[in-house]
Amino acid sequence: MPNAHIIGLGKSGNATARLLKVQGWQVTVSDRNTSESLQQQCQTLIEEGITVNLGQNFDPDTAPDLVVVSPGVPWDLPALETARSLGIETIGEMELAWRNLQDIPWVGITGTNGKTTTTALIAKIFEVAGSAAPACGNIGNAACELALQQQQNSSTPLDWVIAEISSFQIESSSTLAPKIGIWTTFTPDHLNRHYTLDNYFRIKGRLMERSQVQVFNGDDAYLRRAAPELWPQAVWTSVNGAEELLGDRVMGVYIQENWVYQNGEAIAPVDSLKMVGDHNRQNLLMAVAAARIAGIDKEAIAHAISIFPGVPHRLEEVSAWMGIRWINDSKATNYDAAQVGLAAVEPPVILIAGGEAKAGDDTDWINTIHQKAAAVLLIGSAASAFAERLQETHYQNVEIVETLENAIPRAAQLASVLQAKAVLLSPACASFDQYRSFEHRGDRFRELCWELMG
């Protein structure tokens with residue numbers, strides 16, 4: 001019986017372990033953490049005959065036949081480098097899912113920002129069109145969960161797989177090759193893991209190189225400059241009209257006179273999308289491009305757009321209370337995403353920001369704060385550094401409140417005094433200093449808002 005070692009439990013590791021177990025592998029899972037939620041998962045896996053070692057690192061000297069890493073595990077971890085040097089096959093969870101589902105066409109969505117919304121909207125369009133095409137990856141199911149369901153015949157046979165794929169997952173996938181590859185945006189992010197912008201770009205590019213058809217955001221400055229020469233036959237999108245399209249115009253998708261067009265054919269009115277901002281219009285265009293490439297008719301596309309509610313934690317309106325919009329943008333975990341979110345909200349805004357800071361250029365974000373924010377409330381480990389940075393740029397109305405529990409009532413006070421139209425949580429930071437994930441942070445924001453409003 002072959003041996004597999006899975007590094008990292010959680011949703012991905014759990015699905016990976018169970019998939020390999022039913023395929024006849026002897027499975028061991030390790031995770032450095034020992035949280036209560038992991039302990040509960042551990043007990044379930046043990047009952048299924050899977051060995052779980054919490055609080056332990058992977059030891060390559062155990063010499064398994066296969067190592068599978070969860071998305072959050074650094075690909076250059078010394079133990080993984082040792083395993084590879086010993087000839088032990090080492091892959092990511094997404095690669096394993098692909099190997100089990102490669103007979104089904106995939107839409108693979110990557111990019112610094114915009115992945116989740118684009119993925120969710122594509123899945124909705126395919127669903128309305130009658131396709132069994134669930135979202136997976138960073139949203140929805142773990143990719144290996146879909147593979148497990150198909151293996152056990154416990155779900156409808158899939159027509160498509162709609163996968164949100166991060167750079168971490170691309171890095172650990174050597175053969176993953178979607179039918180349609182979408183690249184939403186490209187700005188500096190995850191440089192603590194990928195080290196240089198060029199390396200980050202190359203990793204993202206691997207997915208596009210292996211995709212049969214490529215779709216690019218034509219309004220992204222970096223992609224517009226770097227991608228046309230590499231992918232001359234790609235499909236391009238633009239919120240600024242047909243004249244802004246690049247590459248092969250046969251399948252260009254763009255906005256003209258407040259309608260979405262594909263190659264001169266009107267598809268849907270832009271106003272039917274409930275989500276605000278040019279960035280969401282771009283997400284819309286890329287979703288439409290994928291649907292048209294897949295052969296979905298425009299009536300199904302238009303209907304899906306009109307009923308798409310958006311995604312949690314990305315400019316999610318929690319409530320409108322006392323004439324003030326309370327907006328959860330917890331998924332804005334870097335400067336670029338936070339700038340886009342703040343720019344999309346009507347001013348004046350009370351901004352709640354902070355958390356675990358990331359490397360990156362904050363210039364555009366700071367400029368947008370000056371334009372839009374009546375006050376900034378700072379939380380988390382980045383609070384002091386953010387306050388100092390804002391004061392350097394002569395932005396004065398900033399307070400360190402440390403926690404969301406302090407930020408919400410203070411935001412309500414300031415919104416009343418400053419006649420703000422919105423309170424926006426858009427952290428520009430990772431969440432791990434105070435929360436398990438950006439979802440956990442956004443859920444807490446929502447809970448506190450509702451408590452405040454009774």
Side-chain angles (χ1 to χ4, degrees), residues 113 187-189 276-279 313-435 438 441-442 444-445 448-449 452-453:
N113 298 309
T187 53
D189 197 15
V276 299
D278 276 351
H279 64 295
H313 313 294
R314 191 64 179 117
L315 290 175
E316 171 198 4
E317 186 161 324
V318 171
S319 182
W321 180 65
M322 302 291 288
I324 301 162
R325 298 172 65 206
W326 293 75
I327 301 172
N328 169 20
D329 198 34
S330 181
K331 198 176 189 305
T333 59
N334 56 52
Y335 296 122
D336 295 284
Q339 186 278 326
V340 166
L342 181 57
V345 177
E346 185 179 1
V349 177
I350 308 300
L351 173 64
I352 303 172
E356 184 179 286
K358 291 183 176 182
D361 184 354
D362 65 3
T363 305
D364 289 343
W365 180 62
I366 295 288
N367 290 340
T368 306
I369 288 174
H370 279 271
Q371 296 163 13
K372 293 271 193 162
V376 178
L377 303 178
L378 296 173
I379 64 172
S381 61
S384 295
F386 277 10
E388 184 176 341
R389 178 75 177 106
L390 285 165
Q391 287 161 3
E392 285 174 359
T393 66
H394 308 293
Y395 185 92
Q396 299 300 328
N397 203 2
V398 55
E399 298 179 23
I400 296 175
V401 294
E402 298 182 345
T403 66
L404 281 179
E405 286 75 11
N406 295 332
I408 299 305
R410 181 58 178 151
Q413 293 171 350
L414 288 172
S416 176
V417 172
L418 300 175
Q419 297 184 314
K421 295 184 177 180
V423 173
L424 171 69
L425 169 67
S426 193
C429 284
S431 57
F432 303 118
D433 58 333
Q434 294 180 322
Y435 298 96
F438 73 81
R441 177 172 60 191
R444 184 58 179 151
F445 174 80
L448 291 166
C449 290
L452 178 71
M453 298 162 199

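Computed from heavy atoms alone, side chains included, the values below leave out hydrogens, waters and symmetry copies.
- Heavy atoms of other residues, nucleotides or ligands lying less than 6.0 angstrom from CD of Glu388 number 12 at most.
- The shortest side-chain heavy-atom distance between Ile352 and Ile408 falls under the 4.5 Å cut-off.
- Between the side chain of Thr333 and the main chain of Cys429, no donor-acceptor pair closer than 3.5 Å is present.
- Pro427 and Ala332 make their closest contact through CD-O, 3.6 Å (heavy atoms, listed as atom of the first residue, atom of the second, distance).
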Could you pull out every donor-acceptor pair under 3.5 Å between side chains of residues 315-324 and any protein atom, sequence neighbours left out?
residue	atom	partner	partner atom	Å
Glu316	OE1	His313	N	3.0
Glu316	OE1	Asn328	ND2	2.8
Glu316	OE1	Arg446	NH2	3.1
Glu316	OE2	Arg446	NE	3.1
Glu316	OE2	Arg446	NH2	3.2
Glu317	OE1	Arg325	NE	2.7
Glu317	OE1	Arg325	NH2	3.0

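- Side-chain contact check for Asn113 versus His279: every heavy-atom pair is 4.5 Å or farther apart.
- The two residues Asp329 and Gly341 make their nearest non-hydrogen contact at OD2-CA, 3.7 Å.
- Listed by chain and number, the residues in a ring-ring contact (aromatic ring centres under 6.0 Å, His included) with Phe445 amount to none (sequence neighbours excluded).
- Sorted by first and then second residue, the pairs that involve residues 413-434 and meet salt bridge (Lys or Arg N to Asp or Glu O under 4.0 Å), not counting sequence neighbours, are Glu346-Lys421.
- We find the CG-CG distance between Leu414 and Leu418 to be 5.5 Å, quoted to the nearest 0.5 Å.
- The minimum heavy-atom distance between Ile327 and Ala422, with the atom names listed, is CD1-CB, 4.2 Å.
- For Val376, the side-chain contact (heavy atoms from CB on, under 4.5 Å) test picks out Leu351, Ile369, Ala373, Leu378, Leu390, Tyr395, Val398, with sequence neighbours left out.
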Worksheet item: Which is it for Val345 and Val276 under the side-chain contact (heavy atoms from CB on, under 4.5 Å) test, yes or no, and what are the steps along the way?
Response: CA-CA 8 Å; Val345 177; Val276 299; 5.7 Å; no

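- When atom types are taken as modelled, the side chain of Arg441 and the backbone of Ser330 share a donor-acceptor pair closer than 3.5 angstrom.
- Atom CG of Leu377 and atom CD1 of Ile400 lie 11.0 Å apart (nearest 0.5 Å).
- The shortest distance between side-chain heavy atoms of Leu424 and Lys372 does not fall below 4.5 Å.
- Remark: Ile350 CD1 to Leu425 CG distance equals 13.5 Å, nearest 0.5 Å.
- The ring-ring contact (aromatic ring centres under 6.0 Å, His included) search around Trp365 returns Tyr335, Phe386, not counting sequence neighbours.
- Every side-chain contact (heavy atoms from CB on, under 4.5 Å) that Thr403 has, sequence neighbours left out, goes to Glu405, Asn406, Gln434.
- To the nearest 0.5 angstrom, Leu448 atom CG is 4.0 Å from Arg444 atom CZ.
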